[in-house]
There are 2 protein chains.
Amino acid sequence: MERVHQHIPAISWSAKARRAVEAPISFLVTAAIANPDLINLAAGLVDDTTLPADAVDRIVHGIMADPARATAALQYGTTLGLANLRRQLLGHIEALEGKPASTMGLSADHIAVTTGSQQSLYLLGEALLDPGDIVIAANPSYFVFTGALAGLGARILTVTMDDDGMDVEAVDRLLSRLAGTGELARVKLIYCTSYFQNPTGLTLSAARRPRLLEIVRKHSAHHRILILEDAAYRELRYDGPALPSIKSFDPDNAFTLLAQTFSKPFAPGLKLGYTAAPPEVVDAIVHQKGSHDFGSANLCQFIALTALQDGAYHAQVKRLQSHYRLKRDTLLGALDKHVPTDPAIRWTHPHGGLYVWMELPDAIDTARGSPFFDDAIAEGVLYVPGAYCHPPDENGHVPASHLRLSFGQAPLARLEPGVHRLAAVIRRHLGTIAP
Amino acid sequence: MERVHQHIPAISWSAKARRAVEAPISFLVTAAIANPDLINLAAGLVDDTTLPADAVDRIVHGIMADPARATAALQYGTTLGLANLRRQLLGHIEALEGKPASTMGLSADHIAVTTGSQQSLYLLGEALLDPGDIVIAANPSYFVFTGALAGLGARILTVTMDDDGMDVEAVDRLLSRLAGTGELARVKLIYCTSYFQNPTGLTLSAARRPRLLEIVRKHSAHHRILILEDAAYRELRYDGPALPSIKSFDPDNAFTLLAQTFSKPFAPGLKLGYTAAPPEVVDAIVHQKGSHDFGSANLCQFIALTALQDGAYHAQVKRLQSHYRLKRDTLLGALDKHVPTDPAIRWTHPHGGLYVWMELPDAIDTARGSPFFDDAIAEGVLYVPGAYCHPPDENGHVPASHLRLSFGQAPLARLEPGVHRLAAVIRRHLGTIAP
C-alpha cells in the first residue's frame with residue numbers, strides 16, 4: 001500500500017493513562033548506561049556475581065530430563081500458580097515464622113504466585129482502589145509502588161518513620177482523624193515494608209507488628225482495612241533477630257497480605273513473587289490476573305519449586321547473606337571514613353536488605369537536575385534522589401535533601417571509591433550553604 | 001496473639017473488582033480434572049507431546065555456561081524487554097511479512113515484550129479505555145480478551161463473521177452509525193484476530209486486510225481509532241496462503257498493533273508475547289507495565305532469543321505444523337464421518353490454529369448446565385459452549401447453539417473417539433427438538 005500522507009490524529013487515552021508520569025527509574029538507567037565508569041549506588045539490582053547460574057542449569061536439566069515435569073513446565077499453568085510450588089511456599093512461610101500455617105489461618109490455596117511481588121501489589125491496588133481512595137504508607141516509601149498507586153488515582157497519606165520503622169501510633173492518629181472528617185470509608189490499605197525497607201533499610205520493630213494489626217482492627221468497624229506487608233527483603237538479613245511477620249499475628253488470615261519474592265533471595269530473572277492473603281483477596285487478585293496474563297511463566301515456577309526442594313534456594317540465601325553483609329559493612333565503613341562530620345548529616349545502619357538512607361542538611365537539594373545531582377554524575381557516582389521516595393505531604397511538600405544508596409549492584413571493590421566520590425560532592429556543597 | 005473473636009467486616013472493593021465475573025475457563029478445567037477419561041475438546045492448550053524439552057534443556061545449558069549471558073538472564077531486565085530479543089523479533093516479523101520493517105515504519109523500539117500476548121491486550125485496554133468506551137470486535141471473539149474488556153467497563157459492539165473473517169464493511173457501517181449518534185469519540189479500538197481465529201478458526205481474507213485499515217483511517221478524522229491485530233495463531237498454518245498482516249499495510253506505524261506470542265508456536269511455559277505498535281502506544285503500554293511488573297521474566301526472554309537464533313524456534317514451528325495438520329484433518333474427518341447430516345449443522349474448516357467452530361440447530365442449547373452440556377460430560381467429551389464467545393448483542397442476546405472444538409490438547413488418537421461421543425449427544429438432542 002502506498003504511504004498515505006494523511007494527517008495522523010492523536011490517540012484518545014484513558015484517564016488512567018493520562019495520570020501516568022515517567023517512572024523515576026528510567027533516567028537513572030540511562031545515566032548508568034551513558035557512563036560505564038559511573039559507580040552505581042542507585043540501582044536496586046542484585047550483585048551480578050551472586051546469581052545462581054550453576055543451580056539453574058542443573059535444575060532445568062533435571063526438569064527437562066523428566067518427561068512429565070518437562071511437559072508440565074512448558075505447558076500453560078494456572079492463574080493462581082503451580083499447586084506444588086504453593087504448597088512448598090506454605091512450608092517456607094511456616095519455617096520463616098516458626099509456627100504452623102494453621103495458626104495463621106493459611107493454606108496453600110491462600111497463596112497466589114505472581115510476576116514478581118510487584119504484580120501482586122498492583123493487582124491488589126486494582127482490586128481495592130478507586131480514584132480518591134486512600135492508602136497509608138510510611139514516608140519515605142518504595143517509589144514503584146507509590147507510582148502505581150498514583151496511576152490508580154489513589155491518595156497516599158503518609159506517616160513518619162523512626163529507627164523502629166513506620167510510626168504505627170501515627171497511623172492510629174491518622175485513622176482517627178480520617179474518621180472525624182468522614183473519610184475513613186475511603187481508607188482501603190496500609191502499605192508497610194516490614195523488613196529492611198526500600199529505601200531506608202529500616203525494620204518495623206517487634207512491638208509495632210502486633211500493634212499495627214490491633215490498630216487496623218480497631219478502625220475496621222465498618223469495613224475491613226487491609227495491611228499489605230511487603231517483605232521482599234526479609235531473607236536478606238545480616239544480623240539482628242529474625243522477626244515474625246505482621247501477618248503471623250493475624251490468626252484468621254483476615255487483615256494482612258504478606259508479599260514475598262524470589263527476586264532478591266534467589267534470582268530476579270525468574271520474575272516470581274508470591275503473596276499469602278485472605279481467601280477473598282486471593283480470589284480478587286486471581287480474578288484480575290486472569291485478565292492480565294492468566295498465569296506467570298510456568299517454567300520459572302518449576303525452577304523455583306525445584307530450588308526450594310533441592311536446597312539450592314537455601315544455599316543461595318546463605319551465600320547472599322554473607323556476601324551482602326560484607327558489602328553493607330564496607331559501605332558503612334566508607335561512609336564513616338569519608339563523609340564529613342556534621343550534625344545534620346546522618347544515615348541508617350540496616351540489618352539487612354540493600355539500602356542505606358542518607359539525610360543531608362535541608363539546604364542541600366539532591367533532586368534530579370540539581371547542582372548536587374549533576375556534580376555527583378560529573379564525579380562519577382549515582383544515587384537515587386530521596387525526593388522520588390517521598391510521597392508529597394498534604395501541602396505538596398517533598399523533602400529534597402535525602403539520598404538512597406544501594407550496596408546491591410555495585411561491585412564490592414567499587415563501594416569505597418563510590419562513597420569517596422560522593423563524600424567529595426557533599427564536602428563541596430556543604431561549603432556553599434549558609435552557616 | 002490470641003485469636004480475637006471479632007466480627008470480620010467486609011472488604012470494600014474497587015468498581016473494577018465489582019465488575020468482575022467468573023472466568024469461563026475455570027469450570028472447564030475443574031470438569032477436566034474431575035474425570036480423567038473425559039476427552040477434552042475444550043482446552044486451548046497445546047499438545048503435550050509437542051513441547052520442546054530437549055531444545056529448552058540445550059538452550060538453558062548454553063546460556064548458563066556463558067557467564068555474561070547467565071548473569072544477564074538471571075538479573076533484572078527492562079520493562080520494554082530484552083533489546084537483542086526485540087531486534088530478533090523485528091527480523092522475524094520482516095520474514096513473516098516478506099518486507100523490510102522500514103516499509104512499516106517499524107524499529108525494534110516499537111516492539112514491547114509482555115507476559116504472553118494477553119498482557120499486551122490488557123495493557124492496551126488499560127491505556128485506552130475508560131468505562132463506557134467502545135471496542136468493536138467480531139462475533140464470536142476470544143473470550144479472555146472480551147472478559148478483560150468487560151472488567152475495564154468497555155462496551156463491546158460486534159460485527160458478524162463469514163468465511164472471509166470479520167465483516168469489515170459492517171465495521172464501516174457501524175462506525176458511520178456511531179458518528180451519527182455522536183458516539184464515535186468513544187470508539188477506541190477494533191479488535192481483530194486475523195489468522196485462524198479463536199474460536200472460529202476463520203481468517204481475515206487478503207482483500208479485507210488493507211480495507212479494514214482504510215475504514216479505520218476514514219473514521220479517524222477527529223481521534224485515532226486503533227486496530228489491535230491478534231495474530232497468536234499466525235504461525236500454526238497448515239495450508240492456504242501465508243497472508244501479510246493488517247499491520248503490514250500501515251506504512252506509518254500509526255493505526256495498527258500486531259500482537260504475537262511464543263505460547264502457540266513454541267512453548268506456553270515461557271509465557272512470552274510481543275507487540276509491534278505505534279511509538280506512543282509502546283510508551284503507554286510500557287508505562288502501565290512499569291507499574292504492573294516492570295518487565296517479564298528475563299530468563300524466558302533469553303530462552304526465546306536463543307531459540308530464534310539457533311533454529312530451535314523454526315524447527316518447532318515446522319514440527320507443530322505437520323502435527324496439528326494431521327490432528328485437524330483427523331478431527332474434520334471424524335466430524336464428516338460421525339455427525340449426522342442436517343442442514344442446520346455445520347462447522348468451519350480452518351487452515352490453521354487449533355479450533356473448529358460448530359453450529360447446531362437454534363433449538364439446541366449448548367450452554368453450561370444445559371441438558372446438552374451435561375449429556376456431553378456424561379458421555380465423556382468436553383467442549384467450550386459457544387455462548388462464552390459471543391459478546392451479548394444490543395438486546396443482550398447471545399446465541400446458545402454453538403460449540404468451540406479444539407484439536408490442540410487432546411491426543412491424536414482421542415480425537416475420533418471424542419467426536420464419536422459428541423455425535424452421539426448431537427443425535428440424541430436432534431431427536432428431541434420439534435421438526
Side-chain angles (χ1 to χ4, degrees), chain A residues 1 3 6 8-17 20 23 45 48 51 53 56-57 60-61 64 70-71 73-76 115-116 118-119 122 126-130 147-148 151 210 217 220 222-224 249 251-252 254 267-271 280 284 287 290-294 297-300, chain B residues 1 3 6 8-17 20 23 45 48 51 53 56-57 60-61 64 70-71 73-76 115-116 118-119 122 126-130 147-148 151 188 210 217 220 223-224 249 251-252 254 267-271 280 284 287 290-294 297-300:
Chain A
M1 185 186 242
R3 196 168 285 252
Q6 179 193 340
I8 297 173
I11 294 167
S12 167
W13 304 106
S14 67
K16 181 165 197 312
L45 307 189
D48 280 351
L51 291 161
V56 170
D57 190 9
V60 171
H61 181 66
M64 294 303 145
T71 298
L74 294 173
Q75 185 58 275
Y76 284 105
T115 308
Q118 176 65 25
Q119 192 188 33
Y122 187 83
E126 206 176 34
L128 283 183
L129 300 168
D130 287 317
R217 283 177 178 279
S220 287
H222 296 294
H223 76 288
R224 198 180 336 163
F249 298 97
D252 301 310
L270 300 183
K271 207 55 182 265
E280 57 275 61
H287 187 86
S291 290
H292 284 220
D293 58 26
F294 53 86
N298 214 21
L299 175 61
C300 295
Chain B
M1 183 187 246
R3 195 167 286 252
Q6 176 193 347
I8 297 174
I11 294 167
S12 167
W13 304 105
S14 68
K16 183 167 196 310
L45 307 190
D48 280 350
L51 291 162
V56 170
D57 190 8
V60 171
H61 181 65
M64 294 303 145
T71 298
L74 294 173
Q75 185 57 275
Y76 284 105
T115 307
Q118 176 66 25
Q119 192 188 32
Y122 186 83
E126 205 176 36
L128 284 183
L129 301 169
D130 287 316
K188 300 290 188 76
R217 282 177 179 280
S220 288
H223 76 287
R224 200 183 329 167
F249 298 98
D252 302 310
L270 300 184
K271 207 54 179 270
E280 58 274 61
H287 187 86
S291 290
H292 284 223
D293 57 29
F294 53 86
N298 215 21
L299 175 61
C300 295

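Naming convention: chains lettered A, B, ... in sequence-line order (proteins, then strands); numbering from 1 in each chain.
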TODO: Using side chain to side chain donor-acceptor pair (under 3.5 Å) as the criterion, list what pairs up with A/Gln118, not counting sequence neighbours.
DONE: none
Name the option with the most non-hydrogen atom pairs under 4.5 Å to chain B; the candidates are [options].
options                     : result
A/Leu74, A/Leu299, A/Asp130 : A/Leu74
A/Asn298, A/Asp48, A/Leu270 : A/Asp48
A/Gly151, A/Ser12, A/Ala284 : A/Ser12
A/Ser291, A/Ser14, A/Ala267 : A/Ser14
A/Ala254, A/Ala127, A/Ala53 : A/Ala127

Open item on the list: Between B/Pro268 and B/Leu51, is there a side-chain heavy-atom distance shorter than 4.5 Å?
Closed with: yes
Task: Side chains of B/Arg224 and B/Glu280 in contact at under 4.5 Å (non-hydrogen atoms) - done: yes
Task: B/Leu129, part contacting chain A, at a heavy-atom distance under 4.5 Å - done: backbone
Task: Contacting moiety of B/Lys16, where chain A heavy atoms sit under 4.5 Å - done: both
TODO: Measure the CZ-NZ distance between B/Phe294 and A/Lys271 for me, rounded to the nearest 0.5 Å.
DONE: 4.5 Å
TODO: Any chance you could measure B/Gln119, atom CD, to B/His292, atom NE2, to the nearest 0.5 Å?
DONE: 7.0 Å
Open item on the list: If the condition is side chain to side chain contact (heavy atoms under 4.5 Å, CB included), which residues does B/Asp57 pass it with, not counting sequence neighbours?
Closed with: A/His61, A/Met64
Task: Top of B/Thr71, B/Val60, B/Thr115, B/Leu128 for chain A proximity - count of heavy-atom pairs under 4.5 angstrom - done: B/Leu128
Open item on the list: Need one label for A/Ala15: side chain, backbone, both or neither, based on atoms under 4.5 Å from any heavy atom in chain B.
Closed with: both
